[in-house]
Amino acid sequence: MNAALSSDDVVIVGAGIVGICIAAHLVEAGHAVTVIDRTGISEETSSGNAAAFAFSDVLPLAQKGMMRNLPRWLADPLGPLSVPPTYLPHLAPWLWRFWRAGAAKNREASLVAQAAMMRLAEAEWAGLMDRSGTATMLREDGSLELYESEAEFAASLPGWVARDRFGIVYRHVEGAELAGLQPGLAPRFVKGTFVPGWKTVADPKLLGKAVWAYAEKKGARFERGEVVRAEAGASGATLHLADGSSRKAAKLVIAAGAWSHLLAGQLGEAIPLETERGYNTTLPADAFDVKRQLTFSGHGFVITPLSTGLRIGGAVELAGLKRPPNYARSRAMLEKAKRFLPGLKAEGGREWMGFRPSLPDSLPVIGAARAPGVFYAFGHGHLGLTQAAATGRLIRDLIACQAPAIDIRPFRAQRF
């Protein structure tokens, strides 16, 4: 079967939160939009993330202590960062680019671009939530980053100083103020940093479905299908699906998360996207009275109170798309959480693994492809939920041939 779409149509590959927000922005602007995904709306990585609107998280990963801690973390197969030894040869070029991204000049450029993206993200999410009727899902309790020693706290200070340049509000806490922000913490935590502007959502999967309901009401369509090949030419793009059918579109947006670079490669562009596999366990909501998102940066995970449970997860496993999940990683974080929150009820949890699409400089790819009529919107790493509404705005601007809301040159695919 060949389903021919009209010349006004935009097809988006990927129904995660980024694709959903792009669809919402485009239908608001009057475009006919079809979203294609192999599973469903907000069913994969967007369903199980840590639920943060991390607008203050402007530091590139290369600046957040990862290189400093890399040898120690790699020595622990269940620690914050894991790379299976057999995957290292494949990963080596990405790690080389990641190391280069940590150089002062490159790091500064990423920091400035990320800060601009975050300002736009906060404004665009506020508008989209208001228009879609999802503002009740927003939680504005702030976040609390925790340190187990004075040395760990001191190591965090340069990062907070970097945030000062962008007006990000925070305060360092200890003693009674720390205990008041999160009662029941283990005494091993000697200091913390409270970020009052940090936001979370009640449940990321439910938010994605609610924004999609808004887009669908305005005319967006969903089609279940697995895109296996993409082609583009002067007359538009053609997508070939696993069932043997094909779809045509005047404009194509690739927002397929960790699989996006495979389609980009078919269009002639090699983009160094790597897959950060993240793990979590979602416990029943009464497992512990967590007041706000807690960040254990020395251990690479967070604890987030959701309307649907208590989510404990994070960490990074650089292991590609094909290796089976290693749920020993989620169980290791759960064991640590029991030590960090004495009294945590750890029974009845649901384990999960998702694929974060990450680029070496911690910036997504947003912009026009070399192929005519094709646009990229992927590679957001840990910040897909946070930056989804801003990405939707930028793609809408590009398709409308309008000047983007921010300078998107740092996000172009051709930077690599």
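- Across all their heavy atoms, Lys291 and Gln182 have their closest contact at N-OE1, 2.9 Å.
- In this structure a side-chain-to-backbone donor-acceptor pair under 3.5 Å is missing from Tyr376 to Ala255.
- Each of Tyr279, Phe378, Trp259 was scored for a ring-ring contact (aromatic ring centres under 6.0 Å, His included) with Phe355, with one residue passing: Trp259.
- Put simply, the side chain of Glu231 never gets that close to the backbone of Ala237: no donor and acceptor are under 3.5 Å apart.
- Rounding to the nearest 0.5 angstrom, the gap separating the CG atom in Leu207 from the OG1 atom in Thr200 is 11.0 Å.
- For the atom pair Leu267 CG and His261 NE2, the distance stands at 13.5 Å (nearest 0.5 Å).
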Subject >> From CA spacing to verdict: ring pair (Phe, Tyr, Trp, His ring centres under 6.0 Å), His172, Tyr170 >> reply: CA-CA 7 Å; His172 303 306; Tyr170 60 89; 5.3 Å; yes

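- Taking the six-membered ring where tryptophan is involved, the planes of His90 and Tyr87 are tilted, since the angle between them lies from 30° to 60°.
- Within the 4.5 Å cutoff, the side chain of Pro404 has heavy atoms near those of the Leu398 side chain.
- To the nearest 0.5 Å, the span separating OG on Ser143 from CD on Glu145 amounts to 7.5 Å.
- By the side chain to side chain contact (heavy atoms under 4.5 Å, CB included) test, Glu351 is found to be paired with Thr281, Tyr327, Ser330, Arg331, residues two or more places apart in sequence or in another chain being considered.
- Judged by distance alone, with hydrogens and angles left aside, the side-chain atoms of Arg412 form a donor-acceptor pair with the main-chain N or O of Arg409 at under 3.5 Å.
- Between Arg323 and Glu317 there is no salt bridge, since no side-chain N of the basic residue sits under 4.0 Å from a carboxylate O of the acidic one.
- Taking the side chain as every heavy atom from C-beta outward, Phe301 and Lys336 approach each other to under 4.5 Å.
- Residues Glu28 and Lys218 are not paired through a salt bridge, judged by the lack of any N-O separation under 4.0 Å between the basic side chain and the carboxylate.
- Closest approach of Gly257 and Pro357 over heavy atoms only: C-CB, 3.5 Å.
- With hydrogens and angles ignored, the 3.5 Å screen pairs a side-chain donor or acceptor of Arg292 with a backbone N or O of Leu181.
- How far CE of Met129 is from CG of Leu138: 5.0 Å, rounded to the nearest 0.5 Å.
- Proximity of a side-chain donor or acceptor of Arg311 to a complementary backbone N or O of Leu283 within less than 3.5 Å is not detected.
- Atoms CG and NE2, from Asn49 and His382 in turn, are 11.5 Å apart once rounded to the nearest 0.5 Å.
- At least one donor-acceptor pair under 3.5 Å links the side chain of Arg163 to the backbone N or O of Gly159.
- Note that NZ of Lys191 is 9.5 Å distant from OG of Ser156, once rounded to the nearest 0.5 Å.
- In the displayed structure, Arg100 atom CZ is contacted under 6.0 Å by at most 12 heavy atoms of other residues, nucleotides or ligands.
- The backbone N or O of Arg370 lies less than 3.5 Å from a partner atom in the side chain of Glu269, making a donor-acceptor pair.
- Looking at Trp125, its side chain never comes within 3.5 Å of a backbone N or O of Ala390 through a donor-acceptor pair.
- A donor-acceptor pair is defined here as one N or O able to donate and one able to accept, closer than 3.5 Å; such a pair exists between the side chain of Arg415 and the backbone of Phe411.
- Within the 3.5 Å criterion, the main-chain N or O of His240 finds no donor-acceptor partner in the side chain of Ser245.
- A heavy-atom distance below 4.5 Å is found between the side chains of Arg393 and Asp397.
- Under the 6.0 Å distance and 45° angle rule, Arg139 does not count as a cation-pi partner of Trp198.
- Between Phe296 and Phe189, the ring-plane angle classifies as tilted under the 30° and 60° cut-offs.
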